[in-house]
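If you read the sequence from its start, that first residue is 1, and numbering goes on from there. Atoms within each ligand, like the ligands themselves, are counted from 1 in listed order. Basis for what follows: all heavy atoms, side chains included, without hydrogens, waters or symmetry-related copies.
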Amino acid sequence: MGISVEVLESRMFASGVADEIIQCSRDAKSDGVPFSLSLSGGRTPGSIYRALTISPRSTAIDWVNTKLFLGDERWVPFEDGSSNYRMVNETLLKSVSIPPENVFPINTALDSEEAGALDYSKIIEKEVPVVDGAPRFELILLGLGEDGHIASLFPGSKNLTDTESLAVVSTNPNDNTQRVSIAPKVILNARKILVLVKGEGKQEILKKFLTGDGDINTLPALMLNQIADKVTVFADSEAVVNLPRNLIENS
Ligand code: 6PG
């Protein structure tokens, strides 16, 4: 089975994805494991995180049984406007009762990105159960960059062939800024992955992703085809306009 695609009306996108996250948390609970959730950054997920703070969704997740991580972070102070942690804090953490010790930001206060990646690798090793030889997140949320990147794994990066690291230093070639990102080993071992694609600006890259137009080096999201049965794309109606129907009939 290929990667499945769920299309939601734009106005229903945030609540629809929030409900899927809640379902994944219930699956973890019924399996008696912590809900280890890696959040994506950028502009798309803020409305989803806010949807999780509004009743009745705000009490649907057992936050005491939840461990929250970031899939990637820009190497800036927490208070910086481009910080993913700052966005997650503003849209989610401030409004739900998750114990602070259950939240694991990438520590950008350390001396270097390399120290940040090493520190985050150790945190993942300590906090995320190992299954099949690697840490297994119950759920990883990923945005889809217009260049096909996921987390902060960008086209042409040496990180794309790194099979051992848990977290890596990355440079965004679009603006030459530094980041820390979870690595392929972690992404490809997740129990479930949701790829969040919203807006007409993502039409082209979504089509390339779903048709396999490229390779992992030119379109890093294609690595997800290795675990297609664990991946669901949630796209809004604007992102799928002009997309051939066969691509979204739950490919
Ligand atoms: C980040 C994200 C990144 C993002 C994509 C899509 O730190 O920017 O983690 O991987 O998910 O770039 O970003 P948008 O949601 O802003 O389109």
Peer 1: Within the structure, does A151 bring an N/O atom to less than 3.5 angstrom of an N/O atom in ligand 1?
Peer 2: yes

Peer 1: Run the numbers for me: atoms of ligand 1, each under 4.0 Å from some heavy atom of H149, listed by number.
Peer 2: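 The list of qualifying atoms is 3 (C), 5 (C), 10 (O), 12 (O).
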
Peer 1: Taking the non-hydrogen atoms of E146, is any one of them nearer than 4.0 angstrom to ligand 1?
Peer 2: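 No.
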
Peer 1: Is there side-chain contact between I150 and M223, with heavy atoms separated by less than 4.5 Å?
Peer 2: yes

Peer 1: Any heavy-atom pair between the side chains of V240 and L206 that's under 4.5 Å?
Peer 2: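 Yes - at least one pair of side-chain heavy atoms lies under 4.5 Å apart.
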
Peer 1: Would you mind telling me which of D72, N84, N159, N172 makes a side chain to side chain donor-acceptor pair (under 3.5 Å) with S152?
Peer 2: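 The single option meeting the side chain to side chain donor-acceptor pair (under 3.5 Å) with S152 is D72.
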
Peer 1: Kindly confirm or rule out an N or O of T44 lying under 3.5 angstrom from an N or O of ligand 1.
Peer 2: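 Yes, since at least one N or O of T44 sits under 3.5 Å from an N or O of ligand 1.
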
Peer 1: Taking the side chain as everything from C-beta on, heavy atoms only, tell me whether F69 gets closer than 4.5 Å to V186.
Peer 2: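 No, side chains not in contact.
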
Peer 1: Report, in ascending order of atom number, the atoms of ligand 1 lying under 4.0 Å from any heavy atom of N84.
Peer 2: 1 (C), 7 (O)

Peer 1: Using a plain distance cutoff, I'd like to know if S152 has any nitrogen or oxygen under 3.5 Å from a nitrogen or oxygen of ligand 1.
Peer 2: no

Peer 1: For ligand 1, which atoms, with element, lie under 4.0 Å from some heavy atom of K202?
Peer 2: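 It comes down to these atoms of ligand 1: 6 (C), 14 (P), 17 (O).
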
Peer 1: With a 4.5 Å limit on heavy-atom distance, are the side chains of L39 and P45 in contact?
Peer 2: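 They are not in contact (no side-chain heavy atoms under 4.5 Å apart), so the answer is no.
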
Peer 1: Under 4.5 Å between any side-chain heavy atoms of K208 and L219, yes or no?
Peer 2: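 The answer is yes; the side chains approach within 4.5 Å.
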
Peer 1: May I ask you to list the atoms of ligand 1 that are less than 4.0 angstrom from any heavy atom of G143?
Peer 2: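 By the 4.0 Å cutoff, the relevant atoms are 11 (O).
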
Peer 1: Report the part of L142 in contact with ligand 1, treating N, CA, C, O as backbone and CB onward as side chain, heavy atoms under 4.0 Å; options are side chain, backbone, both, neither.
Peer 2: neither

Peer 1: Considering non-hydrogen atoms of the protein only, which is the closest contact for atom 9 (O) of ligand 1, and what is the distance?
Peer 2: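 It is D72 OD1, 2.7 Å.
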
Peer 1: Any heavy atom of R74 closer to ligand 1 than 4.0 angstrom?
Peer 2: yes

Peer 1: Does the side chain of T53 reach to within under 4.5 Å of the side chain of L92, using non-hydrogen atoms?
Peer 2: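 SC-SC contact between T53 and L92 confirmed.
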
Peer 1: Are E73 and ligand 1 in contact, using a heavy-atom cut-off of under 4.0 Å?
Peer 2: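 E73: no contact with ligand 1 (<4.0 Å).
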
Peer 1: Given T177 and D175, is the side-chain hydrogen bond (donor to acceptor under 3.5 Å, both in side chains) satisfied, shown in steps?
Peer 2: CA-CA 5 Å; T177 55; D175 59 12; 2.5 Å; yes

